[in-house]
K.L.:
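This structure is in structure tokens; I'll ask about it shortly.
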Protein chains: 2
Amino acid sequence: MRARVVEDDRGRREARDACLEPCPIERGMRIIGGKWTGSILWHLKDGPVRFNDLARMIGGASKKMITERLRQLEGHGLVRREVIDSAPISVTYEITDLGRTALGFLDELRTWSEGLPQG
Amino acid sequence: MRARVVEDDRGRREARDACLEPCPIERGMRIIGGKWTGSILWHLKDGPVRFNDLARMIGGASKKMITERLRQLEGHGLVRREVIDSAPISVTYEITDLGRTALGFLDELRTWSEGLPQG
DNA sequence: CAGAATCCAACCGGATACTG
DNA sequence: CAGTATCCGGTTGGATTCTG
């Protein structure tokens, strides 16, 4: 199993493979519609955020989930990971220019959702 | 189990319960981000469609899924179900005015997805 | 601090067969 | 035609523990 996956890409490869849907709406949803994915991207819009800060902002999601979703977003080039080798270590996540192109949609979704009958 | 659910609402009640996320983005995603949900809504934009026609349009989704998602959309008031009691029976699904309010960002998502590096 | 590793119950969703 | 019913393997995601 996992034949010929030489480099450990920490989920980046699978991130791509998961989005082979022919329908563009489905493809898009599989990229930014995952649990917590939209929220994560949204919370990065004002600048880089450290891992634990992000986890706190997304209250309700486990670190495991945050990590998985971040790897996936990285795999799609929507988020950049940066390691500052201080002590203690610091890792920040920053939205890329490509990632920013999704914020319009997310904002519309947010507005729509807030305007729904049941709040 | 299922205490006090007297009327059989065919999944409509659960549809609502599933969307109690405090974050509006997550809530929105749980409503239209389900597998096939966006596609279904999208294919209803030009008028009522019969069940089997819809199933054909969404090639790849099973009838079971189409049904489940339609019930969910109905529960959120985004789709209306209409039975024409002919022989053989005919059932059409039509997008509601509320449902139409989602077409804007679904179109944005479509455009966004199509413009991505990997197509 | 920023994860990785492991466990496991719950849910998801496809395949198939059946029905009014 | 428009579903429902059942089975069931695979995935999801929370909880917990461990690590450089």
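By convention in this document, chain letters (A, B, ...) are assigned in the order of the sequence lines, proteins followed by strands, and residues within each chain are numbered from 1.
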K.L.:
Considering every strand and a 4.0 Å limit on heavy-atom distances, what is the contact class for A:Lys35: base, sugar-phosphate, or nothing?
P.N.:
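Contact class for A:Lys35: sugar-phosphate only.
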K.L.:
Test your reading of the model: is there a side-chain donor-acceptor pair from B:Thr37 to the backbone of B:Gly33, 3.5 Å cut-off?
P.N.:
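Side chain of B:Thr37 to backbone of B:Gly33: no pair is present.
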K.L.:
Which whole-number value in Å describes the distance from B:Lys63 NZ to C:dA15 C1'?
P.N.:
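Going from NZ in B:Lys63 over to C1' in C:dA15 covers 13 Å.
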K.L.:
Indicate whether OP1 or OP2 belonging to D:dA2 is found under 4.0 Å from a side-chain N or O atom of B:Arg71.
P.N.:
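Checking D:dA2 against B:Arg71, no side-chain N or O comes under 4.0 Å of OP1 or OP2.
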K.L.:
Could you tell me the separation between the CD1 atom of B:Ile84 and the C1' atom of D:dC1, rounded to a whole number of Å?
P.N.:
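In whole Å, D:dC1 C1' and B:Ile84 CD1 are 12 Å from each other.
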K.L.:
Can you figure out which of C:dA2, C:dG14, D:dC1 approaches the side chain of B:Trp36 most closely?
P.N.:
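So the side chain of B:Trp36 is nearest to C:dG14.
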K.L.:
Between B:Val91 and A:Ala61, which is nearer to the 5' end of DNA chain D once each is assigned its nearest nucleotide?
P.N.:
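Its nucleotide being nearer the 5' end, the pick is B:Val91.
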K.L.:
Give a yes/no answer on whether the side chain of A:Arg81 brings an N or O atom under 4.0 Å of OP1 or OP2 in C:dG3.
P.N.:
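Yes, because at least one side-chain N or O of A:Arg81 sits under 4.0 Å from OP1 or OP2 of C:dG3.
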K.L.:
Which of the following nucleotides, C:dA4, D:dG3, D:dG13, is nearest to the side chain of A:Met65?
P.N.:
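Nearest to the side chain of A:Met65 among the choices is D:dG13.
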K.L.:
Grab the CZ-P distance between A:Arg56 and C:dC1 for me, whole Å please.
P.N.:
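A:Arg56 atom CZ is separated from C:dC1 atom P by 6 Å.
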K.L.:
Mind calculating the distance between CD (A:Glu68) and P (C:dG3) to the nearest angstrom?
P.N.:
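For the pair A:Glu68 CD and C:dG3 P, the rounded distance is 13 Å.
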K.L.:
Heavy atoms from C-beta onward define the side chain here; which of C:dC1, D:dG13, D:dC7 lies closest to that of A:Lys64?
P.N.:
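The closest nucleotide is D:dG13.
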K.L.:
Which of the following nucleotides, D:dA2, C:dA2, D:dG14, is nearest to the side chain of B:Asn52?
P.N.:
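Ranking D:dA2, C:dA2, D:dG14 by closest atom to the B:Asn52 side chain puts D:dA2 first.
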K.L.:
Could you check how far CE of A:Met57 sits from P of C:dA2, rounded to whole Å?
P.N.:
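After rounding, the reported distance stands at 13 Å.
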K.L.:
Of all heavy-atom pairs between A:Leu44 and A:Val79, which one has the smallest distance, and what is that distance?
P.N.:
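Where A:Leu44 meets A:Val79 most closely, the heavy atoms are CD1-CG2, 3.7 Å.
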K.L.:
Looking at B:Arg50, is its backbone amide N or carbonyl O close enough to the side chain of B:Thr92 to form a donor-acceptor pair, meaning the two atoms are under 3.5 Å apart?
P.N.:
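Here the side-chain-to-backbone pair does not exist.
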K.L.:
Measure the distance from CD1 on B:Ile58 to C1' on C:dG14 and round it to the nearest whole Å.
P.N.:
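Those two atoms, CD1 and C1', are 17 Å apart.
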K.L.:
If you compare every side-chain N and O of A:Ser62 against the phosphate oxygens of D:dG13 (OP1, OP2), does one of them come in below 4.0 Å?
P.N.:
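Indeed not, no polar side-chain atom of A:Ser62 lies that close.
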K.L.:
Run the salt-bridge test on B:Asp53 and B:Arg56 with the 4.0 Å N-O cut-off and return the result as yes or no.
P.N.:
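Yes, B:Asp53 and B:Arg56 are salt-bridged.
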K.L.:
Taking the side chain from B:Thr67 and the backbone from B:Lys63, do they hold a donor-acceptor pair closer than 3.5 Å?
P.N.:
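Between the backbone of B:Lys63 and the side chain of B:Thr67 there is a qualifying donor-acceptor contact (under 3.5 Å).
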K.L.:
Round to a whole Å and report the spacing from CD of A:Gln72 to P of D:dT11.
P.N.:
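Nearest whole value for this atom pair: 15 Å.
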K.L.:
To the nearest Å, how far apart are A:Ile89 CD1 and D:dG20 P?
P.N.:
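Computing the A:Ile89:CD1 to D:dG20:P distance gives 13 Å.
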K.L.:
Can a side chain N or O of A:Arg50 be found less than 4.0 Å away from OP1 or OP2 on C:dC1?
P.N.:
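For C:dC1, neither OP1 nor OP2 has a side-chain N or O of A:Arg50 closer than 4.0 Å.
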